[in-house]
2 protein chains.
Amino acid sequence: MAKRVSHRDSMCGVARPLDAIGDWWSLLIIRDAFDGLRRFGEFQKSLGLAKNILSARLRNLVAHGIMDTVPAADGSPYQEYVLTQKGQGLFPLLVALRQWGEDFFFAPNEPHVTLVDRVTSLPVRRLELRAQDGRMLMAEDTLVVVPPPVDESE
Amino acid sequence: MAKRVSHRDSMCGVARPLDAIGDWWSLLIIRDAFDGLRRFGEFQKSLGLAKNILSARLRNLVAHGIMDTVPAADGSPYQEYVLTQKGQGLFPLLVALRQWGEDFFFAPNEPHVTLVDRVTSLPVRRLELRAQDGRMLMAEDTLVVVPPPVDESE
DNA sequence: TATAACGGTTGCAAATTAAAACCACAAGAG
DNA sequence: CTCTTGTGGTTTTAATTTGCAACCGTTATA
């Protein structure tokens, strides 16, 4: 965590998020949170990671505003961990990761879990990038542009 | 890398990819590759990471079939690193990461680079998940289902 | 012939991660 | 009231990973 950030003083839009969720476990915790897990013990049992690591990761996610602690739910005197708005914003990323995984990390007929539409129970569509006018875009059709240079003397 | 994978013997569609790209640097290398970087030195200068780390990451990406080494390009006797099909499949994930970063990691008026359509120079659309029938889906509208249990005696 | 640039590898110290033991609190059993 | 169990962590310690710096081999350059 909190790795030094190369020689660029301002991190780009890809590097900043990685500072918050760029480790193996954080995304898995978030995925479990999307699946409805909320309690420390639930995450630990589901992921099988050491308790101190889970503790540190949850603390980090809370510190980054990705999860939040809420006091109770059932009567237990403990707290629960829930996704914030910011955390919920990670859903497309998780879907992208899952779709890529399904495409390339499973043998042709190997069974795997699928993300489906609750209403129809059909698999969701593939994520695709589109232009403003609706054309589908591949990587080569895009370009990263820098913001117009701000005049310092202004 | 190669972390032990909890108590589940079969990794899910989210965990498997993380084994390949689940560290801070790999995704940044891939992003740079999408931006056209190919040479060891280019990556190193762009990212400012230690050469041994870059060496290890590139080796790992090649081992996972995400990048490939090609012998030359200009006359230099060195090799270049290019994305495979599998690597190019990460484009949506990178876009998702970037969009999330732009949403939550920049102050309202803070300038940041933008991903634009090459043809129109307009920013690309937001990634959105849709059902087969085209309805837009939020996280709550989806469900992860396990594959039908295979009859072992078959 | 020396010098520098490129593409790494190797050695080592420092930071991070993970396993295991421990601790605090509450609930229930006897 | 004491004993045990379950939950939610923290502390301690060892193993792994990270990153800096130095080195090496090859090829271009002066």
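Within every chain, numbering begins at 1; the chains are lettered A, B, ... in the order of the sequence lines, protein sequences first and strands thereafter.
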Send over the distance from [X] [atom1] to [N] [atom2], rounded to a whole Å.
X       : N      : atom1 : atom2 : answer
B/Phe43 : C/dC6  : CZ    : C1'   : 15 Å
B/Tyr78 : D/dC24 : OH    : P     : 17 Å
A/Ile53 : C/dA15 : CD1   : C1'   : 13 Å
A/Trp24 : C/dA18 : CH2   : C1'   : 13 Å
A/Gln44 : D/dT10 : CD    : P     : 13 Å
A/Leu54 : D/dT10 : CG    : P     : 10 Å
B/Leu49 : C/dG8  : CG    : P     : 13 Å
A/Asn60 : C/dT16 : CG    : C1'   : 13 Å

Pairwise side-chain contact, B/Asp35 with B/Glu42, heavy-atom cut-off 4.5 Å (strictly under): no

Is the shortest side-chain N/O distance from [X] to OP1 or OP2 of [N] below 4.0 Å?
X       : N      : value
A/Gln79 : D/dG9  : yes
B/Arg59 : C/dT9  : yes
A/Arg39 : D/dG8  : yes
B/Ser55 : C/dT9  : yes
B/Trp25 : D/dG19 : yes

Row check, A/Phe106 ring normal vs B/Arg16 NZ/CZ: under 6.0 Å, within 45°: yes

Geometric cation-pi criterion B/Lys86 and A/Phe105, 6.0 Å radius, 45° cone: yes

Crowding at CD, B/Gln85 (>12 non-hydrogen neighbours, <6.0 Å): no

Touch class at under 4.0 angstrom, heavy-atom based, for A/Tyr81 against every strand present: sugar-phosphate

Residue mapping more 5' on DNA chain C - nearest nucleotide basis, B/Asn52 or B/Gly41: B/Gly41

Side-chain ion pair, A/Asp141 and A/Arg135, N-O less than 4.0 Å: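 Salt bridge absent between A/Asp141 and A/Arg135.
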
Minimum-distance nucleotide to A/Lys51 side chain [options: D/dT18, D/dA22, D/dG9]: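 Nearest to the side-chain atoms of A/Lys51, counting from C-beta on, is D/dG9.
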
